[in-house]
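Counting starts at 1 for both ligands and their atoms, in listed order. Given the structure is predicted, the values throughout are model-derived calculations rather than measurements.
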Amino acid sequence: EKSGYEHFMLKEIHEQPKVIKDTINSVLTDENISFESVGLSDEDMKNIQQVYIVACGSAYHVGMVAQYVIEELTSLSVRVELASEFRYRQMKLAKNSLAIIISQSGETADSLAALRLCKDKGVRTLGIVNVVGSSIAREADNVFYTLAGPEISVATTKAYSCQLVAAYLLAMQFAKARGEISDERFAQLVEEINTIPEKIEKILEDKERLQWFASKVVNIKDAFFIGRGIDYAVGMEGSLKLKEISYIHSEAYAAGELKHGPISLIEDGTVVFSVVTQSALYEKTISNMVEVKSRGAKLFGLTTYGNYAMEDVADFTVYTPRIDNLFAASLSVVPLQLLSYYVSVGKGYDVDKPRNLAKSVTVE
Ligand code: F6R
């Protein structure tokens with residue numbers, strides 16, 4: 001069932017264009033997004049004032065991206081919380097709020113507990129879930145199903161990508177229902193979101209380059225990922241992917257935090273992966289790259305076509321197609337998925353079944 005691919009992870013990486021398209025098409029027709037199937041009306045969206053996003057692991061990283069996108073497009077206040085922390089805090093949940101629980105399996109114990117806590121406190125819950133009929137899907141007030149299909153590899157790729165587009169679509173419709181976006185901007189975002197699948201295809205065509213680069217870093221002991229805004233969230237995901245399947249110690253930092261401590265870890269030859277797609281923050285992150293380079297770091301730069309100045313500072317540069325800044329995570333995550341895949345293969349590890357990890361974490 002690996003359809004000719006050596007591992008499920010690689011197969012699932014390649015399925016992304018199709019499953020993203022399916023997920024988009026489940027709520028978007030022509031120029032209109034409808035959450036009727038989800039059970040969220042425009043009126044509901046107008047009345048919500050506060051959004052909590054609660055999840056674990058990669059799904060939490062989707063929440064981080066979602067926060068930036070919702071904040072950019074709407075007047076909503078958004079908090080992103082790790083389910084394992086959220087469930088034991090004494091948070092005062094605002095009235096008129098919506099709790100979004102993101103989970104591929106729909107069975108993650110902490111996420112389920114967080115959902116129940118929200119319901120007990122009278123907060124409306126929306127699950128972004130992949131597995132039909134799972135506990136979170138059954139118990140949430142509303143469900144937006146991602147259409148990633150069965151994900152076998154323990155390290156998530158296609159479910160993460162579907163969760164991202166689900167979050168974009170929600171943000172877009174929130175903005176529209178609340179009258180906070182112009183028709184032109186909305187139409188532009190509809191056009192852009194539809195380009196994600198073909199742009200991922202483009203990135204996948206270039207995978208040999210990443211394979212080559214991966215062969216150069218298989219033996220590193222530590223890795224760092226830096227970025228700002230959405231790029232920071234992608235760095236978190238890239239770092240998790242790398243550590244979970246290649247067992248390389250890896251940390252992700254908000255680039256601006258470097259000089260508050262982490263920069264002391266940089267020495268000659270330390271590999272730093274820099275995600276730099278957000279135009280407003282481009283110069284800021286580049287200057288952080290220069291800082292670590294002057295301390296001996298080897299730099300992997302991930303940016304969009306056109307930002308060729310990256311080559312002046314990075315030792316190895318990967319370009320992704322241009323896309324609206326809000327959707328950049330959908331493209332920049334793909335080279336990082338491929339990179340961790342090839343590093344794991346290069347080390348001879350069991351890519352689809354990394355040690356100590358389970359696909360569905362049903363105990364806390
Ligand atoms: C990482 C990964 C995990 C999951 C996390 C949440 O590749 O797969 O971090 O994202 O365990 O799982 P779900 O989405 O099933 O709640």
Side-chain angles (χ1 to χ4, degrees), residues 7-13 15-16 19 23 52-66 80-87 99-116 118 125-140 143-167 225 233-248 250 252 329 333-334 336-341 343-344 349-364:
H7 298 98
F8 282 109
M9 185 177 175
L10 190 61
K11 172 178 179 254
E12 289 163 3
I13 288 172
E15 282 172 348
Q16 293 183 110
V19 296
T23 302
Y52 302 101
I53 303 178
V54 191
C56 303
S58 295
Y60 172 78
H61 300 153
V62 170
M64 288 177 66
V65 176
V80 195
E81 303 287 333
L82 290 166
S84 56
E85 288 291 313
F86 179 86
R87 65 181 291 194
I100 304 176
I101 317 293
I102 309 178
S103 177
Q104 186 286 128
S105 63
E107 301 295 347
T108 301
D110 285 322
S111 305
L112 181 58
L115 171 108
R116 289 178 177 158
C118 290
T125 55
L126 165 68
I128 297 181
V129 179
N130 195 49
V131 176
V132 177
S134 57
S135 301
I136 293 173
R138 278 185 281 114
E139 294 190 28
V143 186
F144 183 171
Y145 277 112
T146 48
L147 301 180
E151 194 176 59
I152 309 294
S153 168
V154 166
T156 183
T157 52
K158 62 174 181 169
Y160 167 94
S161 286
C162 288
Q163 290 163 355
L164 276 184
V165 291
F225 286 76
V234 173
M236 297 274 292
E237 177 60 8
S239 175
L240 179 64
K241 285 272 95 62
L242 186 69
K243 66 167 77 82
E244 69 180 326
I245 61 171
S246 76
Y247 317 145
I248 291 171
S250 172
V333 76
V334 179
L336 301 180
Q337 295 169 342
L338 288 166
L339 181 84
S340 55
Y341 171 76
V343 171
S344 178
Y349 293 150
D350 190 352
V351 180
D352 289 331
K353 286 200 189 65
R355 69 188 182 198
N356 308 341
L357 292 173
K359 183 65 185 162
S360 177
V361 184
T362 53
V363 288
E364 63 175 298

Undergrad: Just by modelled atom types, is the Ala159 backbone N or O under 3.5 Å from a matching donor or acceptor in the Asn130 side chain?
TA: no
Undergrad: Check whether the side chains of Glu364 and Ser84 place a donor and an acceptor atom closer than 3.5 Å, and report yes or no.
TA: no
Undergrad: Given a heavy-atom cut-off of 4.0 Å, could you list the residues near ligand 1 in chain and number order?
TA: Cys56, Gly57, Ser58, Ala59, Ser103, Gln104, Ser105, Thr108, Val154, Ala155, Thr156, Leu240, Lys241, Glu244
Undergrad: Do His7 and Tyr341 make the cut of ring centroids closer than 6.0 angstrom?
TA: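 Yes - the distance between ring centres of His7 and Tyr341 falls below the 6.0 Å cut-off.
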Undergrad: Taking everything shown except Lys243 itself, do over 12 heavy atoms lie less than 6.0 Å from its NZ?
TA: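 Above 12, so yes.
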Undergrad: I'd like to know if Lys158 and Glu151 make a salt bridge, using a cut-off of under 4.0 Å between side-chain N and carboxylate O.
TA: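 No salt bridge links Lys158 with Glu151.
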Undergrad: Within the structure provided, determine whether Leu338 and Ile13 are in side-chain contact (heavy-atom separation under 4.5 Å).
TA: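 In contact.
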